[in-house]
Amino acid sequence: MKIVVDHIKDTPVAIHFDEPVEKFPLLSGMQDDKICSITGNIQGDMTVTREYENIRVTGRVSAPLGLSCSRCLADFTSFIDTSFTIFFRKEAVIAATTEDELELGEMDLLSSSYSGDEIDLTHEIEEQIAMEIPLKPLCNDACKGLCHECGIDLNTSSCSCSKEPVTLTFSALKDFKITRK
Ligand SMILES: [Zn+2]
Ligand SMILES: [Zn+2]
């Protein structure tokens, strides 16, 4: 997912992409670590604009997700669709510019830098997706979870143990998964 800086002239350039998760090392790593599964291609639509020596990328990226509820372990699907603006400054220009000279507001933007004549967007794109992946996914905000005594799913059944649902730690979850019917 590279932009050739010289190809961006006065007119903004539209980029569409549709790539498998294997093209994004951070996301494939999260998948390998079982944090989530990405169930389809990562897609995006971006507009690349030149502003003097700097490049502004505005757009949105999306990814279909498969998650396991952190309370009841049920598998469910989710969809990430997030928009962003990233401002790439040319490194040589940054070196010659003090912060005072930067236009007001520029420092607030998500910014990165580039050198040479290419900008690789892969990492920026996958970070946008990764930030949206929930660390403690819930199938439903009201999910009652599993009984911590007997492991029964309190969303669909009840038991005679203590009624207080608990959020289990990740290592405990793994053990439960084996014994769950
Ligand atoms: Zn749940
Ligand atoms: Zn119980």
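Remember, predicted model here, so these are calculated numbers, not experimental data. Whatever order the structure lists ligands and atoms in, that order sets their numbers, starting from 1. Just so you know, these numbers use all the heavy atoms, side chains as well, and skip hydrogens, waters and symmetry mates.
Seen from the Zn ion (ligand 2), atom SG of Cys161 and atom SG of Cys147 lie 110° apart in angle, a value rounded to 10°. Expressed to the nearest 10°, the angle at the Zn ion (ligand 1) joining SG in Cys139 with SG in Cys69 is 110°.
In summary, an N, O or S atom of Cys159 is located under 2.8 Å from the Zn ion (ligand 2).
Connection of Phe79 to Leu67 is not established within any shared hydrophobic cluster, with ILVMFWY side chains joined at heavy-atom distances below 4.5 Å, either directly or through further cluster members.
No donor-acceptor pair closer than 3.5 Å links the side chain of His16 to the backbone N or O of Met46.
At a cut-off of 3.5 Å, with distance as the only test, a side-chain donor of Asp18 or Gln43 sits close to an acceptor on the other residue.
Taking the charged nitrogens against the carboxylate oxygens, Asp10 and Arg50 have no contact shorter than 4.0 Å, which rules out a salt bridge.
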